[in-house]
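Side-chain atoms are counted along with the backbone in the values below, which use heavy atoms only and exclude waters and symmetry mates.
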Amino acid sequence: MLPELAQLEHFHFLRPAWGLLALVWLAMAWVRRKQRARRDMFGGIIAPHLLEHLRLQRFDSRWFNPSVVSALLVALLLILLMGPSWRQQPSPLSEDEAALVILLDVSSSMRQADVQPSRLQRAKQKISDLLALREDKKAALVVYSGTAHTVLSLTPDREILNQYLAAVKPAIMPRSGKFPEYSLPLVDNILKDSSAPATLVLFSDGLGAASHQRFVDWFATRPHQLLVVGMGSESVGEGGIALERDALEDLAEETGGTYIALAVDDSDMRRANRRINSHYVIIEDSALPWLDSGYWLVFPAMLLFLLWFRRGWTLTWMWIALPLALQLPAQPAYADDAASQGGGAVVQTLQSAEQADGQTSVKTTEQSLSPLLQWFTDLWLTADQQGRILMQMGRYSEAAQHFTDPMWKGLAYYYDEQFMLAAEYFSRTDSDAALFNEANARAQGRDYVRAVSRYDRLLAHDADFPGAASNRARVQDIIDEINRISASQQQEAGVGSDEKTLDSED
């Protein structure tokens with residue numbers, strides 16, 4: 001709900017600290033502008049008046065471009081996060097105690113019929129409309145002309161108020177004149193038992209000579225508010241008394257109140273009712289929570305965000321790209337050529353570490369970032385997610401320090417060519433994929449005998465495991481080649497009887 005102008009005096013932000021993000025946005029915009037200026041490599045080569053015609057027309061030459069829309073979107077989101085508020089949570093108790101005192105002008109000028117059926121009758125109709133909006137709320141009625149009289153003290157009975165109101169006529173007043181200030185002592189008497197701030201609603205077409213100053217002095221020492229409803233028209237025929245709108249508006253302004261123009265429907269009384277309720281809540285019930293009224297900004301922000309589905313409008317921000325990077329598939333883990341004397345190679349692919357069973361939530365303590373940045377990263381990403389990002393960046397050693405899942409940790413060490421460490425972490429998961437990865441890691445680490453042992457254990461459990469049989473055959477060829485070379489060297493040295501070969505062991 002949008003605020004009325006008078007309510008803006010209570011406008012504030014519930015979470016103003018979010019506004020500091022505007023500084024971050026401005027810094028980013030400044031850096032982006034500098035980068036674009038640096039990319040203008042032809043600026044110092046081609047004359048400016050020629051370069052202007054050689055450049056392609058880009059988005060920035062139009063007012064409707066990604067930069068403008070992104071700035072508007074950021075502004076809307078910042079205001080939304082800061083929580084604009086100008087009204088408090090309404091309370092049934094506060095509305096029950098929000099006293100209303102109606103001051104009705106019944107002087108002779110109110111008989112004029114420039115508004116049908118007459119100013120006084122129209123004022124009565126408006127008062128009935130206002131009372132209908134405030135069912136079971138307390139109200140009092142004071143009438144005045146040359147004198148002022150309390151017709152009815154505070155009462156929640158709307159029917160009785162309407163009955164007394166219908167009987168009010170200029171003829172019942174003992175003295176003619178127009179002195180609304182005479183009603184102020186009566187208002188003090190009506191409100192003497194109420195500590196809550198009240199609202200006075202004045203239905204009149206003008207003021208007396210001393211009315212303005214008396215009202216200003218009275219409201220200066222009291223927490224009440226004044227609403228002035230102007231009755232009549234500013235243009236009347238000859239002999240008529242025009243509505244003194246300027247005087248009434250000045251009175252409302254000087255007392256800190258509101259002037260309400262007469263309306264054909266009940267919109268004027270609805271506005272008056274909102275002012276009555278909001279005045280009590282804001283002044284008296286300071287403990288009531290303020291309403292976060294910026295939620296409606298979500299809808300224009302969502303509409304602006306839809307524009308990023310247009311071709312060429314994608315803005316790549318780190319905090320948007322980061323979650324997306326987590327969804328990218330890890331690159332296949334290929335085993336490198338084995339550095340063996342026989343020149344054999346392990347060429348079959350490792351099973352993806354994504355087949356690892358189980359997760360762990362224990363975080364490693366070794367950090368490669370500054371403590372502040374690491375703390376901020378830990379708020380949004382788990383240790384395994386951070387390790388995954390480092391893997392995507394090719395920083396395998398750092399990734400291994402972040403991972404807590406043994407399979408991911410082993411895979412990071414494998415990419416970092418720390419094969420024996422990788423084999424150790426692969427051995428901590430009881431699955432076929434882990435056993436295959438351990439065998440490959442030991443083969444790459446030249447621990448050929450144990451590698452064959454792991455392949456044999458895997459093939460005994462699953463003879464058709466992809467790549468296991470071919471990898472075992474290649475590693476066994478390496479062992480055989482090493483044994484042949486060793487035997488040949490020993491025979492040449494004359495130690496044939498003590499020949500020692502590599503045998504399989506666990």
Thr258 OG1 to Leu226 CG distance, which is reported to the nearest 0.5 Å
8.5 Å

I need the minimum non-hydrogen distance between Gly206 and Ser204, along with the two atoms involved.
O-OG, 2.8 Å

Is Arg15 reaching over with its side chain to a backbone N or O of Leu81, donor-acceptor style, under 3.5 angstrom?
yes

Please check this pair: side chain of His402 against backbone of Ala383, looking for a donor-acceptor N/O pair closer than 3.5 Å.
no

Tell me, do Lys137 and Leu100 make a side-chain contact under 4.5 Å, heavy atoms counted?
no

Angle between ring planes, Phe403 versus Trp408, binned at 30° and 60°: parallel, tilted or perpendicular?
parallel

Is a side-chain donor or acceptor of Gln225 paired with a backbone partner of Arg275 at a separation under 3.5 angstrom?
yes

With respect to Arg270, which candidate in Asp268, Asn273, Asp266 satisfies the side chain to side chain contact (heavy atoms under 4.5 Å, CB included) definition?
Asp266

Any side-chain heavy atom of Ile127 within less than 4.5 Å of one from Leu165?
yes

Holding to side chain to side chain contact (heavy atoms under 4.5 Å, CB included), I want the full list of residues that pass it with Phe179, two or more places apart in sequence or in another chain.
Arg175, Glu181, Tyr182

What's the separation between atom CG in Asp384 and atom CE in Met391, rounded to the nearest 0.5 Å?
11.0 Å

Contact between Glu253 and Tyr259 at the side-chain level, heavy atoms closer than 4.5 Å - yes or no?
no

Taking all non-hydrogen atoms of both residues, which atom of Met269 and which atom of Val229 are closest, and how far apart?
CE-CG2, 4.1 Å

Rounded to the nearest 0.5 Å, what separates atom CG in Asn162 from atom OG in Ser128?
4.0 Å

When you check the side-chain N and O atoms of Ser109 and Lys178, is any donor under 3.5 Å from an acceptor?
yes

Side chains of Asp157 and Thr155, donor plus acceptor under 3.5 Å
no

Of all the heavy-atom pairs spanning Leu78 and Trp18, show the shortest one and how long it is.
CD2-O, 3.6 Å

Just so I know, are the side chains of Val142 and Val101 near enough to count as touching, which here means a heavy-atom distance under 4.5 Å?
yes

So, do Leu154 and Leu191 sit near enough that their side-chain heavy atoms are less than 4.5 Å apart?
yes

Determine the minimum heavy-atom distance between Arg122 and Val115, stating which atoms define it.
CB-CG2, 4.4 Å

Would you please name every residue forming a side-chain hydrogen bond (donor to acceptor under 3.5 Å, both in side chains) with Ser145, sequence neighbours left out?
none

Could you go step by step and tell me if Asp188 and Lys192 meet the side-chain contact (heavy atoms from CB on, under 4.5 Å) rule?
CA-CA 6 Å; Asp188 282 333; Lys192 65 181 180 180; over 6 Å; no

Under 3.5 Å, is there a donor-acceptor pair between the Ser107 and Asp105 side chains?
yes

How far apart are the closest heavy atoms of Leu120 and Lys169, and which atoms are they?
CD2-CA, 4.4 Å

Of Leu184, Val228, Thr255, which meets side chain to side chain contact (heavy atoms under 4.5 Å, CB included) against Leu200?
Leu184

Output, in order, the C-alpha distance, side-chain angles, deciding distance and verdict of side-chain contact (heavy atoms from CB on, under 4.5 Å) for His149 and Met173.
CA-CA 9 Å; His149 306 273; Met173 302 303 293; 3.5 Å; yes

Value for CE (Met110) from CD (Gln121), rounded to nearest 0.5 Å, stands at 10.0 Å

Side chain of Thr429, backbone of Ser431: donor and acceptor closer than 3.5 Å?
no

For a 4.5 angstrom cut-off between non-hydrogen side-chain atoms, does Lys409 reach Thr404?
no

Are any of the side-chain heavy atoms of Ser211 and Leu251 separated by less than 4.5 Å?
no

Please report the C-alpha distance between Leu243 and Met231 in whole Å, then the side-chain angles of each, then the deciding distance to 0.1 Å, and finally whether the side-chain contact (heavy atoms from CB on, under 4.5 Å) criterion is met.
CA-CA 7 Å; Leu243 169 67; Met231 305 303 304; 5.5 Å; no

Given the ring of Phe219, does Arg222 sit roughly above its face, with NZ or CZ under 6.0 Å from the centre of the six-membered ring and within 45° of the axis?
no

For a quick check under 3.5 Å, do Asp217 and Gln213 share a side-chain donor-acceptor pair by atom type?
yes

Could you give the distance from CD (Glu244) to CD (Glu234), rounded to the nearest 0.5 Å?
10.5 Å

Indicate the atoms forming the closest heavy-atom contact of Ala301 with Leu77, along with that distance.
CB-CD2, 4.0 Å

Whether Thr382 side chain and Gln385 backbone form a donor-acceptor pair below 3.5 Å
yes

Kindly determine whether Tyr144 and Leu104 satisfy side-chain contact (heavy atoms from CB on, under 4.5 Å), including the steps that lead there.
CA-CA 6 Å; Tyr144 70 88; Leu104 177 58; 6.0 Å; no

Point-to-point distance, once rounded to the nearest 0.5 Å, from CG of Leu411 to OH of Tyr413
12.5 Å

Check: His212 and Asp250 side chains under 4.5 Å, non-hydrogen atoms
yes

